[in-house]
Amino acid sequence: MAMSNPPTDNRARLRAAARRAMPSATDEMVDEVAEHLAIRWQVMRDQGAAPEDADRQVLEDLAAWRTPPSHTAPLLRRLTAGWSGELRHAWRLATRRPAFSIGTIVLTAIAVASIVATFALAYGLFWRPLPYPSADRLAVVWQVQQGEAGQVALADFRDISGAAVFDASTLISGGRGSLRIGDRIERVNLLEVDPSAFPLLGARPQLGRLLAADDVGRSTVLISDRLWRSGFGADPDILGRPLWVSGRTYTVAGVLPSGFDFELPVAGVFVRERHDLWTLAAPPSASTLRREFQGYEGLVRLGHGVSLLQAQSAVDAIGRRLAADYPSTNADRMFRVVRLQDEVVGRMRQPLLLGGIAALVTLLIALANLVTLAAARLSERDGELAVRQALGAGTLRVRRQLLMEYTLTVAAGTLAGLGMARWVVVRLVGSEAAHLPRPDAIRFDWPVLVASTIVAGLFVLVLTSMPLRASAFHDALRRGSRASRGGLGARRALIATQVALALALSAGSALIGLGLVRLHAIDPGFVTSGTATARVSAYAAQYPGREDVQRFIAAIGGELRALPGVAHVGAGSSLPLSGQETGTSVMAEGRPVDPAARLQAGWAFVTPGYFDALGVSLRRGRLFSEADEQRAVHVSIVNEALAREMFPGEDPIGRRIAVGGGDADDDWHEIVGVVADMRHRALAAPPLPRVYDLFGQHWGRTMFLVARAPQAAPPPLMTTIRRAVASVDPEAPVFEAATLDELVARSAAPHRLTTAIAAGLALTGLLLALAGVYAMTAMAVSERRHEMGVRAALGAAPLDVFWLVLRESTGTVALGGFVGMAGAVAASLLLRSRVFGVAGSDIAWVVPLTAAALIGVGVVASVLPARQAAAADPLASIRTD
Amino acid sequence: MVPPEMRKGSAEVLILGTLEAQPRHGYDIARSIEAESRGQIVFNTATLYPTLHRLERRGLVVGRWVEKAGERRRRFYRITPAGRAVLKDHRRSWRVFVETLARVARIHEA
């Protein structure tokens with residue numbers, strides 16, 4: 001290249017021209033262009049062109065700078081140019097290839113539905129604050145005695161709530177009453193509270209005023225919005241009206257706002273309440289101030305910046321002091337502070353934690369499936385993308401176009417998934433069987449929408465950031481289809497991962513299901529079928545003394561017994577699986593022990609018919625008889641657990657035990673019988689020692705009625721109970737009507753919910769993984785059609801081709817199966833300590849069995865495409881390439 | 001001559017291809033493309049230099065000012081390994097494109 005250097009003045013002239021033509025360019029570029037033009041100018045001159053001609057060429061070149069080419073436009077304009085075109089194109093692509101679009105939509109919908117449904121439940125229960133001011137600082141104080149949590153004594157709570165870690169406290173107790181409106185009697189739930197409860201819970205009356213300290217003893221009442229509307233037609237003149245409740249007359253002081261309630265937690269078992277009446281508790285009396293009398297829910301508010309741990313250690317210190325000051329009652333009594341929200345939703349933590357893990361695994365399977373699908377789609381569009389890139393569409397534009405396409409389909413899938421999640425959650429919340437607390441808090445509002453948007457965004461991000469073409473990933477995917485010749489392809493890895501995850505999920509849910517079967521196989525110790533129960537209260541205004549209450553209960557019993565089909569009738573202060581539990585300490589005669597070391601036992605007083613009505617077997621001695629009521633000697637029946645614990649290897653019949661303190665003569669009881677153990681607190685909880693005393697020798701106002709009709713179906717039996725009570729006293733409140741089957745079902749509810757969530761997600765994951773296996777095999781077959789055709793043309797029998805395809809996919813499924821076994825074992829170990837009925841020994845057979853089943857189904861899923869491959873016309877296959 | 005829009009779409013692959021064998025300065029690149037295309041493809045500076053600078057920003061080429069004895073200082077461009085990879089990619093795209101065009105638009109029959 002012969003080129004001389006042009007004169008410097010000419011170069012300066014050209015540079016000035018370049019500068020003018022390209023005002024926004026850097027000096028460096030202007031220098032380069034000037035140099036370029038100078039050489040060009042000189043070359044032309046050297047070739048004999050006139051200076052004017054050379055100048056014209058230069059000016060023509062520079063003119064192109066004045067109409068800036070698109071790639072020098074500002075980045076923002078480049079990014080936003082042509083969006084609507086892309087959108088139209090994306091829509092065209094999506095509708096032209098419906099299979100891929102539908103696949104993406106379905107996969108996204110499944111993933112979004114599983115994760116969003118779980119999130120909606122978890123958010124509503126655990127993270128949505130309770131509807132009280134500073135709800136995160138509210139806590140409940142429980143008394144803990146020998147590992148059992150229960151309600152607190154008034155005197156204890158006064159000592160505890162005085163601690164500096166709390167800035168407010170109140171006592172709440174719940175009850176039921178009969179409300180007379182005109183000539184109707186309504187059963188209502190009522191709360192007895194301290195005046196301090198209202199500011200603590202942030203109550204603001206919509207009508208009238210709240211109750212204050214000077215209302216104590218004045219029979220004033222607040223009513224709920226619900227009662228105000230349904231009972232009194234939202235009468236604005238309700239204030240000052242007399243209200244007849246359970247034989248007493250109250251004056252309405254105010255109406256609480258709509259939705260205001262306090263869900264009263266009951267230790268161990270949650271009972272949802274709709275409270276319609278709020279009254280002030282009677283001033284404490286000598287008897288309610290006794291530390292033996294434990295019947296209150298103590299609500300506290302932690303001070304600003306006080307942690308639960310700090311509050312607990314302060315309460316521990318008070319507990320130790322009380323134990324030292326009042327050894328007869330408080331020797332082994334400690335207190336536990338539980339966040340109110342944890343108390344309300346605590347039992348749902350386990351199912352939702354497991355559900356959340358399962359939902360994440362399902363999400364991963366769906367995502368892996370989607371990536372496989374998208375990779376196949378990209379490889380199909382290889383040609384189109386190549387043309388677009390060749391025509392100057394940079395990768396940015398191609399990515400933007402993919403982004404549009406994926407955004408379109410993923411958004412559609414997300415909407416569908418939200419719909420599915422909502423459908424599932426609404427049904428779950430509505431189902432009585434699930435017994436979900438806080439149903440009002442489970443809503444599909446913005447936090448749920450944000451969560452689904454994040455999931456959708458993640459999907460779009462993963463899909464759009466997938467390498468485009470001719471990349472390592474893409475090549476790996478292609479190699480994957482030829483993996484029989486070694487090399488673990490990305491596609492195989494993805495499918496194996498799906499199989500592995502699905503296996504872990506399936507094995508886990510199989511174990512949970514097995515646990516549920518075992519839970520239901522537990523003999524509760526009583527007959528559940530054909531047995532109905534209801535609680536009835538004899539309120540003080542009508543039945544002041546023990547004999548009155550006894551007559552009331554006996555009269556109902558008589559009514560029930562007289563009805564045709566009712567075989568057994570009984571009543572007791574407590575019923576297994578009802579959530580009602582009273583404890584006491586028991587000591588054997590002649591073996592005095594320290595109060596703290598006394599045996600703790602469940603306690604109830606029951607009528608002679610109680611055990612027969614429940615169908616409990618008598619192991620030794622006899623049951624109570626009517627005659628016992630007349631005897632001066634107090635009698636007791638104990639369960640086998642108590643007999644084993646207190647009288648190992650001895651006959652407890654005729655032995656005397658002290659139930660309660662043992663200081664009074666009345667505390668001493670003679671054991672007349674031993675009955676079989678019943679599951680009292682929960683189906684899964686092993687039976688604890690229990691002692692039953694005779695109703696009449698002990699008494700209370702609220703009793704569980706139990707009626708068994710071996711022939712009759714339970715629902716009519718429940719109406720029967722209501723009718724029998726009404727015939728004795730039309731105003732007596734009947735509540736908590738249920739069959740014993742329902743009580744058993746309620747006890748198993750959290751486990752059943754876990755099983756339902758796990759099984760649903762495992763099934764989804766399984767189907768996704770199988771679809772993946774099928775798609776992978778089909779894809780491999782279609783990509784290798786040519787090779788198959790050649791093989792077949794060269795004389796390979798159709799069966800050879802069949803086995804070749806099958807061997808490859810089986811290898812992938814088996815690989816996933818083996819990896820998944822490790823995951824399944826890990827899942828099982830996680831479950832073993834958390835879910836009832838899952839034993840370590842189960843892992844040894846459930847995991848291999850699930851793996852074998854999954855691999856079997858996986859092989860079946862690949863047989864279909866393999867058969868297609870074998871059946872293909874070899875010549876047609878060759879022609880396709 | 002090749003129409004401008006086609007020239008623009010192919011600028012990157014042409015420039016990278018020219019640089020594959022040896023480093024060149026801007027004028028040299030343009031001259032080489034013009035010569036190799038037998039005058040069918042002529043780049044003006046408004047296409048050439050922005051494209052070169054864009055390739056440099058993407059790390060596909062490296063430009064360096066070089067001063068040789070008796071010559072003005074010129075900016076020489078050298079292709080990077082990343083540039084070679086992209087060139088390979090471009091070549092594949094174009095092969096598909098050209099084959100497709102040939103088949104679909106029956107270019108060879110024209």
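Throughout, protein chains are lettered first and strands after them, A, B, ... in sequence-line order, and every chain is numbered starting at 1.
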What part of B:Leu52 lies closer than 4.5 angstrom to a heavy atom of chain A: side chain, backbone, both or neither? neither

Using heavy-atom distances under 4.5 Å, tell me whether A:Glu28 contacts chain B through its side chain, its backbone, both, or neither. both

Taking only Lys NZ, Arg NE, NH1 and NH2, and the carboxylate oxygens of Asp or Glu, determine whether A:Arg56 and A:Asp61 approach each other closer than 4.0 Å. no

Salt-bridged, A:Glu35 to B:Arg75, with N to O below 4.0 Å? no

Please classify the contact between B:Ala85 and chain A as side chain, backbone, both or neither, with a heavy-atom cut-off of under 4.5 Å. neither

Mind checking what makes side chain to side chain contact (heavy atoms under 4.5 Å, CB included) contact with A:Asp31, not counting sequence neighbours? A:Arg15, B:Trp65, B:Arg73

Partner residues of A:Ala18 under the side chain to side chain contact (heavy atoms under 4.5 Å, CB included) criterion, sequence neighbours left out: A:Met22, A:Val30, A:Val33, A:Leu62

